[in-house]
Amino acid sequence: MTGPDTDTETDIAESAEDALFVLTAVLLTPAQFPSVLGDDYPQACAALGLEPYADGYGLVLGQDGTGARWTVVIDDVSLVAVAIASWDCGMEYDLSPDERTVVAGLPGWPLSLAVAAPGLPEPHDPVPGNGPDGEREPSPLAPPDTDEWGPAQRRLGADEIALQWAAWREQIDDEETFVAPGDHPHAGNPHSGNPHAGVRRVIEELHGYVNAPPPPGRVRSTFASGEARTLRADGPGWSVVARTDDIAFVLLDDEPGEVLPVGRGPELPGLLEALDRIAVRPA
């Protein structure tokens, strides 16, 4: 029989192993989700085995006392949003979700992290065991493969352009040969009258989004300088980054590593305005 002191020591050890040492957190909402996981919010949720709950989730990534990777899904989106905003401002914030807000505890991380909790073993995936019902627990989450060009890397590339818009825009000047957004030359640029087949398909699909709104998150709108908005749109095999007062950039699965600048012409301004009207926006 185990004495009281031994029981207490065991409880403390088990509690330490179960504790989550938070490394970071991300939002998973229709307006803000890790693009690497999918072209839209339902796809990103499906990658984690979650229902596309309209209010979204917060994902808390950390390690337990043994160093194992865990992703805790909570439904308190505001708590995670405040934590992220505080960290972005260089402030400390103790992210400690209430157990009542926990939706799921998933083994592994869906995103690549280059950090680890100090004083713990190196991050590693927990060994899948059997759940209470006897069924095998799910395999640990793992980040999408971005070593080779494909949908995940293409979406990450579009994210980078959105974050560094000014740097990318500086590479395009009035003498640049734009890809034509449609069948009409870009006004003032006689060299841009050759429409690109892939871009033409993307423009057609974007018009389709305006006529029949796509799944949540396929078109997202965020703040830009002035009164403009930055648009992110995705579809099967393509991603678009644009500013409502400027040009657009298109990335295609079929053209690895290529970034195609699309001139405004007579078609793009109205299309971008229409897309902004149907886009989801951060709360």
Side-chain angles (χ1 to χ4, degrees), residues 24-41 44 59 81 84-90 110-115 143-179 181 186 189 192 196 198-199 202-203 206 217-235 237-265 268-269 271-273 275-276 279-282:
T24 190
V26 295
L27 292 175
L28 179 64
T29 70
Q32 293 175 277
F33 59 89
S35 296
V36 69
L37 297 179
D39 286 329
D40 53 46
Y41 173 63
L59 305 181
I84 293 173
S86 298
W87 296 335
D88 287 346
C89 293
L111 306 173
S112 296
L113 295 185
V115 295
D145 183 9
T146 57
D147 289 339
E148 296 184 0
W149 184 261
Q153 194 179 80
R154 176 249 302 163
R155 291 190 293 264
L156 285 177
D159 288 345
E160 183 64 22
I161 293 173
L163 287 172
Q164 304 291 336
W165 176 270
W168 282 88
R169 188 62 179 90
E170 286 177 359
Q171 300 179 39
I172 310 298
D173 57 33
D174 293 339
E175 301 301 320
E176 179 71 23
T177 301
F178 288 103
V179 172
H186 174 50
N189 188 348
S192 63
H196 183 287
V199 171
V202 170
I203 296 298
L206 288 174
R218 281 283 174 102
V219 183
R220 289 168 279 161
S221 175
T222 57
F223 290 107
S225 58
E227 298 182 359
R229 304 286 298 183
T230 296
L231 296 180
R232 272 285 277 111
D234 297 279
W238 55 267
S239 293
V240 171
V241 186
R243 272 185 50 136
T244 52
D245 64 347
D246 204 353
I247 65 172
F249 292 98
V250 173
L251 294 84
L252 303 170
D253 283 354
D254 293 340
E255 300 199 20
E258 292 294 324
V259 178
L260 304 170
V262 182
R264 284 176 71 78
L268 195 64
L271 176 59
L272 296 181
E273 290 179 8
L275 289 170
D276 188 49
V280 290
R281 303 184 178 205

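- Residues passing the side chain to side chain donor-acceptor pair (under 3.5 Å) test with Arg229 are Ser221, sequence neighbours excluded.
- Gly198 approaches Leu252 most closely through the heavy-atom pair CA-CD1, 4.1 Å.
- Taking all atoms of both residues into account, the shortest heavy-atom contact from Leu272 to Arg264 is CD1-NH1, 4.3 Å.
- Both the sub-6.0 Å distance and the 45° axial angle are satisfied by Arg220 relative to the ring of Phe33.
- Between Gly263 and Leu268, the shortest heavy-atom contact is O-CD2, 3.7 Å.
- Contact of the Val262 side chain with the Val202 side chain is not registered, since no non-hydrogen atoms from C-beta on lie closer than 4.5 Å.
- Annotation: ring-ring contact (aromatic ring centres under 6.0 Å, His included) contacts of Trp168 (sequence neighbours excluded): none.
- Scanning both residues, Pro34 and Leu111, for their nearest heavy atoms gives CB-CD2, 3.8 Å.
- Sorted by first and then second residue, the salt bridge (Lys or Arg N to Asp or Glu O under 4.0 Å) pairs with a member in residues 144-156 read Asp39-Arg154, Asp39-Arg155, Arg154-Asp234, Arg154-Asp253; sequence neighbours excluded.
- With sequence neighbours excluded, the residues forming a side-chain contact (heavy atoms from CB on, under 4.5 Å) with Ala233 are Leu206, Val219, Trp238, Val240, listed by chain and number.
- Every residue was checked against the side chain to side chain donor-acceptor pair (under 3.5 Å) condition with Ser112, not counting sequence neighbours, and none meets it.
- The two residues Pro261 and Ile247 make their nearest non-hydrogen contact at CB-CD1, 4.5 Å.
- Nearest approach of Pro282 to Ala31, heavy atoms of both residues: N-CB, 3.6 Å.
- Expressed to the nearest 0.5 Å, how far OG of Ser225 lies from CG of Asp246 amounts to 9.0 Å.
- To the nearest 0.5 angstrom, Thr24 atom OG1 is 7.0 Å from Ile84 atom CD1.
- Note that CD of Glu227 is 9.5 Å distant from CG of Asp245, once rounded to the nearest 0.5 Å.
- With sequence neighbours excluded, the residues forming a side chain to side chain donor-acceptor pair (under 3.5 Å) with Glu255 are His196, listed by chain and number.
- Of the listed residues (Val280, Val26, Leu27), just one forms a side-chain contact (heavy atoms from CB on, under 4.5 Å) with Gln32, and that residue is Leu27.
- For Arg232 and Thr222, the side-chain atoms include no donor-acceptor pair closer than 3.5 Å.
- For Asp276 and Thr244, the side-chain atoms include no donor-acceptor pair closer than 3.5 Å.
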